[in-house]
S.K.: 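There's a structure below that I have some questions on.
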Amino acid sequence: MTRTEALATIEAESLGTHAWFGFPENVTDRVAIYQTPDGWVVVNTDERAVQGAIQTFTDEDSALDLFVRRLRLYK
């Protein structure tokens with residue numbers, strides 16, 4: 001999935017509660033995607049803003065696929 005496809009899906013399905021290519025610092029109940037030197041990272045934050053379910057990908061498309069799947073769980 002490309003960035004354009006992911007954004008279109010997020011808008012079409014009214015998927016919210018996310019941090020789009022930003023680190024979810026002190027934010028509760030979010031799905032986030034951001035880039036590090038090691039690749040693209042997808043995480044969830046809990047009610048205490050603690051990151052969990054951290055997965056790192058070498059390609060952006062796979063990270064975006066997981067990002068959108070996780071957003072759907074919060075819907």
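Treat the numbers as computed from the prediction; the structure is a model and nothing was measured.
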S.K.: Would you compute the distance between atom CG of Asn26 and atom CZ of Arg48 and round it to the nearest 0.5 angstrom?
M.R.: 13.5 Å
S.K.: From Asn44 CG over to Gln51 CD, what is the distance, rounded to the nearest 0.5 angstrom?
M.R.: 9.5 Å
S.K.: Looking only at atom types and distance, does a side-chain atom of Thr45 sit under 3.5 Å from a main-chain N or O of Val27, one as donor and one as acceptor?
M.R.: yes
S.K.: Given side chains that start at C-beta, do those of Tyr34 and Thr36 come closer than 4.5 Å, heavy atoms only?
M.R.: yes
S.K.: Which heavy-atom pair separates Val68 from Thr9 by the least distance, and what is that distance?
M.R.: CG1-CG2, 3.8 Å
S.K.: Mark yes when over 12 heavy atoms from residues, nucleotides or ligands other than Glu11 sit less than 6.0 Å from its CD; otherwise mark no.
M.R.: no
S.K.: Using side-chain heavy atoms (C-beta onward) and a distance below 4.5 Å, is Phe21 in contact with Ile33?
M.R.: yes
S.K.: Taking side chain as C-beta onward, heavy atoms only, is Ile54 less than 4.5 Å from Val41?
M.R.: yes
S.K.: Can you see which heavy atom on His18 is nearest to which on Phe67, and at what distance?
M.R.: CB-CZ, 3.6 Å
S.K.: Does a side-chain heavy-atom distance below 4.5 Å link Leu7 with Trp20?
M.R.: yes
S.K.: Using 0.5 Å steps for rounding, measure from the CG atom of Asp29 to the CG atom of Asp46.
M.R.: 7.0 Å
S.K.: Between atom CD1 of Ile10 and atom CZ of Arg3, what is the distance when rounded to the nearest 0.5 Å?
M.R.: 11.5 Å
S.K.: For a 4.5 angstrom cut-off between non-hydrogen side-chain atoms, does Leu66 reach Phe57?
M.R.: yes
S.K.: Does any part of the side chain of Asp61, heavy atoms only, come nearer than 4.5 Å to the side chain of Met1, both counted from C-beta?
M.R.: no
S.K.: Would you name the heavy atoms of Gly22 and Ala32 that are closest together and state the gap between them?
M.R.: O-CB, 4.0 Å
S.K.: Looking at every non-hydrogen atom in both residues, tell me the closest pair between Leu64 and Ala6 and how far apart they are.
M.R.: CD2-CB, 4.0 Å
